[in-house]
K.L.:
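I am attaching a structure below and will ask some questions about it afterwards.
First the proteins, then the strands, lettered A, B, ... as listed; each starts at 1.
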Amino acid sequence: MVPLSWYICLSAVIFGIGGIGFLVRRNVLIMLMSVELMLNSVNISLIAFSHYLQDLKGQVLVFFVITVAAAEAAIGLAILVALARNKSVLHTDEITEMKG
Amino acid sequence: MNIPFPDLTPAMPEVIMTSAAVLLLMLDLCFKNKALLALAGVITAGAVLYFLPVSMGETFGGMFISDRYSLYFKFIFMVNLILTILISIKYFQKQDEETGEHFSLLLFATSGMMIMASAKDLIVLYLGLELMALSTYVMAGLRRQNIKSNEAALKYFLLGAFSSALLLYGISLLYGMTTTTDIYAIADHINEIGSTHAFTAAMVLIISAFAFKIAAVPFHMWAPDVYEGAPSPVTAFMSVGPKAAGFAVMGRVLFVAFSEVQADWTAILIGISIATMAAGNILALVQTNIKRMLAYSSVAHAGYALIGIIAGTDEGLNAMMAYMMIYAFMNIGAFAIVILMNKGKEISDYEGLSKERPVAALLMLIFMFSLTGIPPTAGFIGKFNIFLAAVEAGYAWLVIIAVIFSAMSAYYYLRVVRNMYMREAKAPVIITRSLTLDFALLITAVMVVLIGILPSIIVR
């Protein structure tokens, strides 16, 4: 059987990739994908914990996370479409109407 | 399998609020006059206020709790909701972008905040937080034709999604170590896991996510841009609501779940608090746009309120809660004046206001004095209580730092006052009055002065 620590390491690595991707990449769509990666890494660790602890709460939380992530993606893309109609850019360095 | 239907009495306010939000979404299609939706929103808030005192207890298998702590925060959310509705009606009519969804989203965001304040389980906390956050992202981008509004929504969304991922990772680590997500049960397991690296990581991740919601350094960068770009009533709403909700969950998680490791999180929060007061107050000095100035001021106020949590006592927690209530009145009051002015984006737009509109100038003066913390206004009482609790808990040095930064804040708040009273108007000042806006200004101004004179009405 695969030990728990492997899953936790996998989850930590994916979370790290997502986090670095979010901070380094400047394309809004890629940033969105990085956030999804982070959320899914959380799902991996939650399910692994849930399985090894023989406790269902973790899996319940995963269902909620998947649902919320879907809603979040929908809202994020809607905001992006609204922005793209006014100004067709996807690069965050070009979205600088306001300083900061 | 037979699952008993949960007792809904403790969750009645949330049930009413969510049903009303869904109903408003449908009524939006039937009514051309959106002021009716606003009226429905205020009635809902009234119904919730009526049901709040009788909604005590636990429900949903111990995942949801309604106690005095959550009750106080729900009062703040209702104040926030009612005042925001009152100041938004005319604003959207004036912009000619009347949107009924605005009121529905306000109610959804408020029910998210109420669920956060009542969360006894990290799952419920997360869901409440997302309900609040997703609604506020949309509200920030409500002016679809306005590119600044789009940009504000995008920035808020990206950073918000990032912070909720941090929160989730923290929750998953905590769950793995304690086998539970119940905030009260976690407290019993903290001793077993001791201070492992994984636990420290979980704590830091969770505190970071909360710091984002209250706009504390280093997670404050979104605040100025989002506050500037979002429609002004929405800015008023989200400078108070999500901040108070963030403090509500922070208080519950830190004081209950992490009560055994108080020394650890106090050390983190002291750093955050000092950095937040420094960044907020120093960056506010150079702002020329009033909404950006108020954004940095809201960052600074998060720093002051954090001192209440750092004190680690019940007095500190009470002082923080009272501060949030006072902040709701004075900040929404200031935003109501910004909305009142036809051209009030820049601080220089307020030049000569006292000659042309003495009452508006006087009200702005009250709000600015209160935000600075000058007696006899409510802002002074709020700061005084927090500093007193911190001194009693032995953080006199932190209070000295806070007072120095607070004195610094007088420069940028009183600059608005100087512009209003000691400068001549370059262009005629035009304001758009409306009955609801006047009413909101009346409530906020009266409360700011009243709390300043009789603090016992909100400090328990």
K.L.:
For A:Ser50, is it the side chain, the backbone, both, or neither that has a heavy atom closer than 4.5 Å to a heavy atom of chain B?
P.N.:
both

K.L.:
For B:Leu166 and A:Met38, which heavy atoms make the closest approach, and how far apart are they?
P.N.:
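For B:Leu166 and A:Met38, the tightest heavy-atom pair comes out as CD2-CE, 4.4 Å.
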
K.L.:
Side chain to side chain contact (heavy atoms under 4.5 Å, CB included), that's the test. Do B:Phe157 and A:Leu32 meet it? Break it down for me.
P.N.:
CA-CA 10 Å; B:Phe157 166 75; A:Leu32 209 65; 3.0 Å; yes

K.L.:
Please confirm whether the backbone N or O of B:Arg144 pairs with a side-chain atom of A:Asn86, one donor and one acceptor, at under 3.5 Å?
P.N.:
yes

K.L.:
Against chain B, label A:Ala12 side chain, backbone, both or neither, depending on which of its atoms sit under 4.5 Å from a heavy atom there.
P.N.:
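Contact with chain B: backbone and side chain both.
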
K.L.:
Among A:Ser34, A:Gly76, A:Ala71, single out the residue with the greatest number of heavy-atom pairs under 4.5 Å to chain B.
P.N.:
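With the most close heavy-atom pairs to chain B, the winner is A:Gly76.
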
K.L.:
Contact part of B:Leu127 toward chain A, heavy-atom cut-off under 4.5 Å: side chain, backbone, both or neither?
P.N.:
side chain

K.L.:
Of all the heavy-atom pairs spanning A:Ile8 and B:Tyr169, show the shortest one and how long it is.
P.N.:
O-OH, 4.4 Å

K.L.:
Can you measure from CD (B:Glu130) to CD1 (A:Ile75) and round to the nearest 0.5 angstrom?
P.N.:
9.0 Å

K.L.:
Any chance you could measure B:Thr179, atom OG1, to A:Lys57, atom NZ, to the nearest 0.5 Å?
P.N.:
9.0 Å

K.L.:
Check whether B:Tyr175 gets within reach of chain A through its side chain, its backbone, both or neither, counting any heavy atom under 4.5 Å.
P.N.:
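For B:Tyr175, the contact with chain A is made by backbone and side chain together.
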
K.L.:
Is B:Ile171 in contact with chain A via its backbone, its side chain, both, or neither, using a 4.5 Å heavy-atom distance?
P.N.:
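For B:Ile171, side-chain heavy atoms alone lie under 4.5 Å from chain A.
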
K.L.:
With a 4.5 Å cut-off on side-chain heavy atoms, are A:Phe49 and B:Met177 touching?
P.N.:
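Not in contact.
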
K.L.:
Please report the shortest heavy-atom distance between A:Val68 and B:Tyr126, naming the atom on each side.
P.N.:
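Heavy-atom minimum between the residues: CG1-OH, 3.4 Å.
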
K.L.:
Would you say OH of A:Tyr52 has more than 12 non-hydrogen atoms from neighbouring residues, nucleotides or ligands within 6.0 angstrom?
P.N.:
yes

K.L.:
For the atom pair CD1 (A:Ile44) and OG (B:Ser172), what is the distance rounded to the nearest 0.5 Å?
P.N.:
10.5 Å

K.L.:
Rounded at 0.5 Å granularity, tell me how far CG in B:Leu168 sits from CZ in A:Phe15.
P.N.:
8.5 Å

K.L.:
Please round to the nearest 0.5 Å and tell me the distance separating atom CD1 of A:Ile79 and atom CG of B:Leu158.
P.N.:
8.5 Å

K.L.:
With a 4.5 angstrom heavy-atom cut-off, could you sort out which part of A:Ser11 is near chain B: side chain, backbone, both or neither?
P.N.:
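Both parts, backbone and side chain.
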
K.L.:
How long is the span from the CG atom in A:Leu39 to the CZ atom in B:Phe162, to the nearest 0.5 Å?
P.N.:
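Rounded to the nearest 0.5 Å, the CG-CZ separation comes to 11.0 Å.
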
K.L.:
Name the region of A:Leu53, side chain, backbone, both or neither, that has any atom closer than 4.5 Å to a heavy atom of chain B.
P.N.:
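Only the side chain of A:Leu53 comes within 4.5 Å of chain B.
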
K.L.:
Side chain, backbone, both or neither: which part of B:Asn289 has a heavy atom under 4.5 Å from chain A?
P.N.:
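For B:Asn289, there is no contact with chain A at all, as no heavy atom is under 4.5 Å.
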
K.L.:
Give me the contact list for residues 17-24 of chain A versus chain B, heavy atoms only, anything under 4.5 Å, ordered by residue number.
P.N.:
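Near chain B, by residue number: A:Gly19, A:Phe22, A:Leu23.
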
